[in-house]
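Starting from 1, each residue takes its place in the sequence as its number. Hydrogens, waters and symmetry mates play no part in the numbers below; they use all other heavy atoms, side chains included.
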Amino acid sequence: MTTLSTCPVCGSGKYKTHLEVKDYFLTQEDFIILECMNCQFRFVNPQPAGNELAMYYKSDDYISHHASRKGLFTFVYRFIRNYNFGKKLSYIRRLSRGTNVLDIGCATGDFLVFLKQKGYTVSGIEPDSDSREYAVRTNGIDVGDEADIMVIPDQSKDVISMWHVLEHVPALNQRLDQLSRILKNDGALFIALPNCDSADAIKYGKFWAGYDVPRHLWHFTQNNCKLLFEKHGFELKETIPMKFDSYYVSLLSEKYLHGSKNIFRAIKNGCASNRYAKKNNLNYSSLIYVFNKKAVN
């Protein structure tokens with residue numbers, strides 16, 4: 001385990017315990033989420049390190065990395081995912097230039113296949129060896145492992161995307177430095193993250209599936225996400241809601257809280273969360289942040 005002594009966003013050494021949360025998905029272990037008293041950033045501390053962290057992903061139930069999994073829940077997940085592919089494409093077309101796309105945390109590469117069919121030049125990074133092999137062998141996508149980020153040429157990508165990935169990355173500030181190096185000066189960065197300020201996060205508390213400890217190491221609000229990226233030379237251009245996520249997260253949270261996925265209660269709570277977000281600073285369950293590099297005078 002690794003213990004952090006300062007906040008990764010603002011560097012403050014003053015923090016308090018926010019919640020003690022169980023790994024409901026896999027091990028049932030308890031983890032502590034701290035909150036920085038300066039910028040309100042929340043993070044798991046202490047954190048599993050290296051090979052320790054990898055073992056928390058070893059489950060056939062980890063949907064995003066297992067293309068062959070069946071069942072109603074997986075069907076619904078994939079239906080929404082495929083709908084979101086079209087939405088993501090529309091955002092990329094509207095908010096970026098060029099066609100060279102790097103997707104970090106691309107899993108089996110399904111989104112990159114979709115982009116490739118639309119005329120984009122695509123590549124990916126995926127730490128999970130099984131998913132990476134599937135992406136290369138079955139989907140025919142150029143996908144490397146984490147170490148390959150280091151050899152991607154400077155300013156070579158028009159678009160970099162991380163769809164619900166950054167919250168998993170241990171070396172947070174190092175990763176943002178890498179993104180800044182790889183992205184072209186007029187490029188666009190798309191970052192999708194759970195929002196721990198959302199109404200569903202507040203309602204479910206320690207049972208909120210968006211915490212997903214310890215796989216989710218970092219827990220962002222809009223304010224401290226913007227602060228972190230500004231520190232690395234990025235400028236926030238737009239924030240886009242992911243309205244389906246409140247239903248998906250509520251469904252999982254229902255299971256953690258009550259022991260079963262009550263679809264009717266999840267839909268009710270998902271609707272309530274979206275209504276709250278519409279009136280309260282776009283605080284949806286998940287958000288896509290679109291960043292550009294700050295202009296250098």
So do [Y] and [X] actually touch side chain to side chain, heavy atoms under 4.5 Å?
X: Asp110; Y: Asn82; answer: no
X: Leu217; Y: Pro170; answer: yes
X: Asp145; Y: Ile125; answer: no
X: Asn45; Y: Phe31; answer: no

- request: State whether the number of non-hydrogen atoms from other residues, nucleotides or ligands found under 6.0 Å of Lys22 atom NZ is greater than 12.
  value: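 More than 12 heavy atoms, drawn from other residues, nucleotides or ligands, come within 6.0 Å of this atom.
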- prompt: So Tyr289 and Phe291, would you call those rings parallel, tilted or perpendicular, with 30° and 60° as cut-offs?
  reply: parallel
- prompt: So Phe41 and Trp218, would you call those rings parallel, tilted or perpendicular, with 30° and 60° as cut-offs?
  reply: parallel
message: Tell me every residue that passes salt bridge (charged side-chain N to carboxylate O under 4.0 Å, His left out) with Asp197, counting only those two or more places apart in sequence or in another chain.
response: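 With neighbours one apart ignored, the set is empty.
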Between [X] and [Y] (salt bridge meaning N to carboxylate O under 4.0 Å), is one present in this structure?
X: Glu254; Y: Arg265; result: yes
X: Asp212; Y: Arg215; result: yes
X: Arg132; Y: Glu146; result: no

query: Other hydrophobic cluster members with Val151, side-chain heavy atoms of Ile/Leu/Val/Met/Phe/Trp/Tyr under 4.5 Å, chained?
result: none
message: Connecting only ILVMFWY residues whose side-chain heavy atoms lie within less than 4.5 Å of each other, what is the rest of Val136's hydrophobic cluster?
response: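 So far as hydrophobic clustering goes, Val136 is joined with Phe85, Leu89, Tyr91, Ile92, Leu95, Val101, Phe111, Leu112, Val113, Phe114, Leu115, Tyr120, Val122, Ile141, Val143, Val159, Trp163, Phe190, Ile240, Met242, Ile288, Val290.
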message: Under a plain distance cut-off of 3.5 Å, with no hydrogens placed, do Arg175 and Gln178 share a side-chain donor-acceptor pair?
response: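 Yes, because at least one side-chain N or O of Gln178 sits under 3.5 Å from a partner of the opposite role on Arg175.
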Between Thr221 and Asn223, a side-chain donor and acceptor under 3.5 Å: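 No, no side-chain donor-acceptor pair sits under 3.5 Å.
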- request: Show the numbers, then the answer: is there a side chain to side chain donor-acceptor pair (under 3.5 Å) between Asp245 and Ser286?
  value: CA-CA 6 Å; Asp245 279 33; Ser286 295; 2.8 Å; yes
field: Taking every non-hydrogen atom, the tightest pair across Asn139 and Gly109
entry: ND2-C, 3.9 Å
- prompt: Considering all heavy atoms of both residues, which atom of His216 and which atom of Pro194 are nearest to each other, and what is their separation?
  reply: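 Nearest pair, atom of His216 first, then Pro194: CE1-CG, 4.0 Å.
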Tyr24 ring center near Tyr256 ring center (under 6.0 Å): yes
- prompt: Taking a hydrophobic cluster as the set of Ile, Leu, Val, Met, Phe, Trp and Tyr residues connected by side-chain heavy atoms closer than 4.5 Å, whether directly or through intermediates, do Leu26 and Met1 fall within one such cluster?
  reply: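 Linked, Leu26 and Met1 end up in one cluster.
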- request: Go through His18 and Ile32 one step at a time and tell me if the side-chain contact (heavy atoms from CB on, under 4.5 Å) criterion holds.
  value: CA-CA 8 Å; His18 173 63; Ile32 295 172; over 6 Å; no
